[in-house]
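Heads up, the thing below is written out as structure tokens.
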Amino acid sequence: MKRPLIVGNWKMHGTRSQALLLSRSVARGLQGIGAVEVVLAPPYTALAAVGEVARGGGFRLAAQNLHWESSGAFTGEISPGMLKEVGCRFVIIGHSERRHLFHESDRWIAKKVAAALEAGLAPIVCVGETLKERKRGTARRAISRQVRAALKGTGKNVIERVSLAYEPVWAIGTGHHATPEQVGQAHGWIADASKALFGRTWGRKNRILYGGSVKPDNVNALAEVPEVEGLLVGGASLKGADFLKIIWGFRDVKLGQHGRS
Ligand code: PGA
């Protein structure tokens with residue numbers, strides 16, 4: 001079994017002092033979690049502070065975005081090296097809010113993945129279909145295209161460092177998570193696209209996460225899906241108690257599954 005990965009994406013929420021309080025309470029609740037790798041992605045202004053908590057806190061630090069160049073005249077952007085310096089190990093790339101609200105293209109996302117890997121960061125690449133694509137029956141095509149575009153320049157030797165997050169756009173922040181059947185099927189499509197790029201063995205070395213309205217009361221059903229190897233949690237990661245319930249709940253189901261297999 002791959003070590004499950006659970007990521008809290010705080011988006012544009014929280015001042016530095018709020019982020020410190022939340023990250024400390026998460027750190028306290030993670031004692032003994034061992035089996036799960038936990039990552040927090042605060043806003044840029046809180047990265048350094050939360051990075052200090054991460055040092056002794058049993059979780060790792062992620063940024064929510066990056067630029068592919070190492071420096072230059074790119075107003076408002078942050079480079080991979082800057083993220084590394086404040087303690088980031090992970091970076092979220094191609095979140096649907098970046099794709100749709102900020103018009104990030106597949107080409108940009110590919111450049112970001114390459115730059116993150118080059119810098120030694122672990123990219124968490126988000127893919128997922130819109131409601132229109134699901135209704136039209138083109139969800140598989142959209143997801144496979146996104147996976148191919150993001151990873152086609154990636155070497156086999158670093159593929160283990162990449163995670164792919166299946167985030168159906170219609171499930172993000174809406175309270176409507178995808179059903180376990182939909183999640184299992186889409187994770188299968190992602191695994192197939194990855195295997196088509198890297199071969200049967202290497203193509204399954206990356207972890208595939210689910211994201212979109214994950215809450216304490218649906219985590220068990222999602223964790224029961226064998227193809228789900230972790231979670232990307234937005235809204236519920238802003239409440240320490242809820243995020244911890246999700247992490248521990250996921251862990252218990254996965255350890256149980258592993259025990260049975
Ligand atoms: P949500 O967000 O959990 O609030 O739906 C998930 C995400 O955007 O990563």
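Computed from a predicted model, the values in this text were never measured in an experiment. Counting starts at 1 for both ligands and their atoms, following the listed order. Basis for what follows: all heavy atoms, side chains included, without hydrogens, waters or symmetry-related copies.
Using a distance-only test at 3.5 Å, with no hydrogens or angles considered, no donor-acceptor pair links the side chain of W108 to the main chain of H103. Put simply, the side chain of K112 never gets that close to the backbone of N65: no donor and acceptor are under 3.5 Å apart. The closest donor-acceptor contact from the side chain of E167 to the backbone of Y210 lies at 3.5 Å or more, if one exists at all. A side-chain donor-acceptor contact under 3.5 Å links R161 to the backbone of L117. At distances below 3.5 Å, at least one donor-acceptor pair connects side-chain atoms of S79 with backbone N or O atoms of S70.
For atom 4 (O) of ligand 1, the closest heavy atom belonging to the protein is G235 N, 2.8 Å. Nearest protein heavy-atom neighbour of atom 9 (O) of ligand 1: E167 OE2, 2.8 Å. For atom 3 (O) of ligand 1, the closest non-hydrogen atom of the protein is G234 N, 2.9 Å.
Only the backbone of A171 comes within 4.0 Å of ligand 1, judged by heavy-atom distances. At a heavy-atom distance under 4.0 Å, atoms from both the backbone and the side chain of I172 approach ligand 1.
Considering both main-chain and side-chain atoms, E97 never comes within under 3.5 Å of ligand 1 through any nitrogen or oxygen pair. For the pair K215 and ligand 1, the shortest N or O to N or O distance does not fall below 3.5 Å. Remark: ligand 1 and S213 share an N or O pair separated by less than 3.5 Å (distance only, no angle test).
A cation-pi arrangement is present between K205 and W202 under the rule of less than 6.0 angstrom and at most 45 degrees off the ring axis.
Near H95, meaning under 4.0 Å from one of its heavy atoms, ligand 1 places the atoms 7 (C), 8 (O), 9 (O). Set against the non-hydrogen atoms of L232, the atoms of ligand 1 under 4.0 Å away are 9 (O). Close approach to G173 involves these atoms of ligand 1, each under 4.0 Å from a residue heavy atom: 1 (P), 4 (O), 5 (O). The distance from ligand 1 to the heavy atoms of N9 drops below 4.0 Å at these ligand atoms: 9 (O).
Residue C126 holds its SG atom at 5.5 Å from CG of L232, rounded to the nearest 0.5 Å.
Ligand 1 lies within reach of G212, whose nearest heavy atom is under 4.0 Å from it. Proximity of G211 to ligand 1 is not established, as no heavy-atom distance is less than 4.0 Å. Remark: distances from the non-hydrogen atoms of H177 to ligand 1 are all 4.0 Å or more.
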TODO: Could you check E160 against K2 for salt bridge (charged side-chain N to carboxylate O under 4.0 Å, His left out), going step by step and ending with a plain yes or no?
DONE: CA-CA 10 Å; E160 233 166 323; K2 291 174 209 160; over 6 Å; no

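Side-chain contact check for F90 versus E37: some heavy-atom pair is nearer than 4.5 Å. Using a 4.5 Å heavy-atom cutoff, the side chains of V219 and K245 are not in contact.
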